Amino acid sequence: MIPRLNRKGNSHTPPHFQRHKLANHVCQGFRCRQKRWLTASRVTNPGCGPGFQQSREIALMPRLGTWIGSPTHHIPLSTMLLPSLSTLLLAGLPAVNAAITYKGVDWSSLLIEERAGMSFKDVNGNTKPLERILVENGVNTVRQRVWVNPSNGEYNMDYNIQLARRAKAVGLGVYIDFHYSDTWADPGKQGIPSGWPTDIDNLSWKLYNYTLESCNRFQDAGIQPTIISIGNEITPGLLWPTGRINNWGNIARLLRSAAWGIKDSRLSPKPKIMIHLDNGWNWNTQNNWYTNVLRQGTFEASDYDIMGVSFYPFYSEAASLSALKTSLTNMANTWGKEIQVVETNWPVQCPNPRYQFPADVRSIPFSEAGQVQYVTKVADVVRSVNRGNGLFYWEPAWLNNAALGSSCPENTMFAWGGRARSSISVFQRI
C-alpha cells in the first residue's frame with residue numbers, strides 16, 4: 001500500500017534528520033520544545049519541519065546519554081563512544097583477508113533475451129534456466145539494474161521483481177542497482193526521471209520516497225536484497241543537473257535521502273548499502289570523490305557499507321591490476337568499508353582494441369581460458385585487500401550485445417546459441 005502524502009508530497013520523516021529523544025533542541029535558530037520523537041507531523045515551527053526545508057539541512061545536536069535511532073532501535077550515545085574490550089584487543093592484530101563472499105554476475109538482460117527467443121545450455125549442451133546454470137557453476141548472487149519509468153518497461157520494478165523471484169527460487173542472493181533514471185545512468189549520463197522535481201529540497205524527498213516504496217515492494221514480493229546500490233557509476237554525480245559533480249552538497253543530500261529510504265523501509269533483514277563509482281583503478285578519482293562528499297557532513301560514513309567499483313582494462317592502458325590493487329588497498333585503509341569489484345569482464349576475441357591493454361594483463365589470452373585467468377587475477381586483487389569480499393562479472397549472458405559496450409566483439413561467458421563456455425566455472429574457484 002502506497003502511503004498517503006502530506007502537503008509537500010512527503011510520506012515519511014525526512015532522511016536528513018536523526019530522531020533524538022530530547023526534551024529540547026535548537027533548530028535553525030529556533031528553540032523547539034517536544035516531548036516525543038521528532039517527526040515531520042510533530043514539528044510546528046516552520047524553521048524545523050521538513051515540509052518547510054530552506055537552504056540547508058537541520059542539524060540536531062544530541063547530548064551525551066541521548067538515545068540515538070528510531071523508537072524501536074536505539075542505542076545510548078554514551079555506549080557508542082566506548083569501544084568494547086574485544087575491539088581494543090583486536091586492534092593490534094593483523095587483518096585477515098576474507099574470501100570472496102559475493103561471487104556474482106549481472107543478469108539484468110535475461111528476460112529481454114528470453115523474449116527474443118534465447119535459451120541457455122550448460123557446457124554439456126543441456127538446456128536449463130540460466131539461474132540453474134549459474135548456481136551449478138558457483139555463482140551465489142545476481143545483480144539487477146532498476147530504471148524508474150523506462151518507455152518500454154524494461155528494467156522497471158515489475159521486471160525486476162519477476163527476475164528476482166527466479167533468483168530467490170534457486171537460492172541466489174539479489175543485489176539491486178538503482179540507476180535513479182529512466183534509462184542508463186553512467187559516467188556520461190545521469191538524467192533525472194521524467195516527472196521528478198529538479199529543486200534539491202523536493203528532489204531529495206522524491207528520491208527518499210521512491211527508494212523507500214521500491215524497497216517495500218520488494219519486501220511485499222518476498223524478496224530481501226542482500227545489497228542495494230544507491231546509484232550506478234556516480235563518479236560525476238547523480239540526478240543531473242541537480243546532483244552534478246560541481247555541487248558536492250547536493251550530491252551528499254541526495255545520497256543521504258537514498259540511504260535512509262532503504263533504512264526506513266520494511267525490508268527485513270536490511271541490505272548492505274553500496275556506493276558505486278567507475279574507474280576503480282584510479283585512486284585519485286576515488287579519493288577525491290569520497291573526500292568531497294563526506295566532508296559535506298550530510299552523507300555520513302554510517303550511511304553506507306560497501307564501496308563498489310567498475311574495472312575494465314580495455315578502456316585505458318592505465319587500468320592495470322597493480323593500479324587496481326593500490327587503489328582498493330588505499331580505499332580500504334582510508335575508510336574501512338567492504339570493497340567489491342562490481343563490474344568487469346574479459347573478451348574471448350578482440351582483434352582491434354580501441355585502446356592499448358595495460359601491461360600486466362597483456363599476457364592473458366583472448367579466450368575462454370583467458371577469461372578464467374583474468375577473473376582469477378581480479379579476485380586475487382580483491383582478496384588481498386582488507387575487507388575485499390565481492391566480484392561481479394557484467395552481463396555474461398547478454399548474447400545480443402556480446403561486445404558489452406567495448407571494442408572487443410565478444411565478452412560473454414556464453415556462446416551464440418546459448419551454450420555456456422567453460423569459463424563460467426571460474427566462480428567455483430575464486
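Every heavy atom of this structure was used, including side-chain atoms; hydrogens, water molecules and symmetry mates were not. Since we're looking at a predicted model, the values are computed, not measured.
- Ring geometry for Y315 against Y312 counts as perpendicular: the plane angle is over 60°, on a 0 to 90° scale with 30° as the lower cut.
- The one candidate from F314, Y393, F366 that meets the ring pair (Phe, Tyr, Trp, His ring centres under 6.0 Å) condition with W346 is F366.
- More than 12 heavy atoms of other residues, nucleotides or ligands shown are found within 6.0 angstrom of NZ on K337.
- The two residues S407 and R354 come nearest to each other via the heavy atoms OG-N, 2.9 Å.
- Under the 3.5 Å distance criterion, with hydrogens and angles disregarded, a donor-acceptor pair is assigned to the side chains of Q340 and N389.
- Centroid-to-centroid, the aromatic rings of W335 and Y290 come within less than 6.0 Å.
- Remark: K121 NZ is packed, more than 12 non-hydrogen atoms of other residues, nucleotides or ligands lying under 6.0 Å away.
- Figure legend: R362 and F357 shown without cation-pi pairing, the cationic atom not lying both under 6.0 angstrom from the six-membered ring centre and within 45 degrees of its axis.
- Residues that satisfy the side chain to side chain contact (heavy atoms under 4.5 Å, CB included) test with D303, not counting sequence neighbours, are R256, A259, W260, K263, F299, E300.
- For the residue pair D177/Q144, the side-chain donor-acceptor check at 3.5 Å is not satisfied.
- For N284, there are no side chain to side chain donor-acceptor pair (under 3.5 Å) partners two or more places apart in sequence or in a different chain.
- With hydrogens and angles disregarded, a donor-acceptor distance shorter than 3.5 Å links the side chain of Q286 to the backbone of N279.
- Neither side chain, T334 nor N330, offers a donor N or O lying under 3.5 Å from an acceptor on the other.
- Side-chain atoms of N137 and S425 form no donor-acceptor pair, as typed in the model, at a separation below 3.5 Å.
- Counted by atom type alone, D220 and N216 present zero donor-acceptor pairs between their side chains at under 3.5 Å.
- Checked against the 6.0 Å centroid threshold, Y210 and W196 count as a close aromatic pair.
- If you look at Y102 and Y175, their ring centroids are not closer than 6.0 Å.
- In this structure, W398 has its ring center at least 6.0 angstrom away from the ring center of F414.
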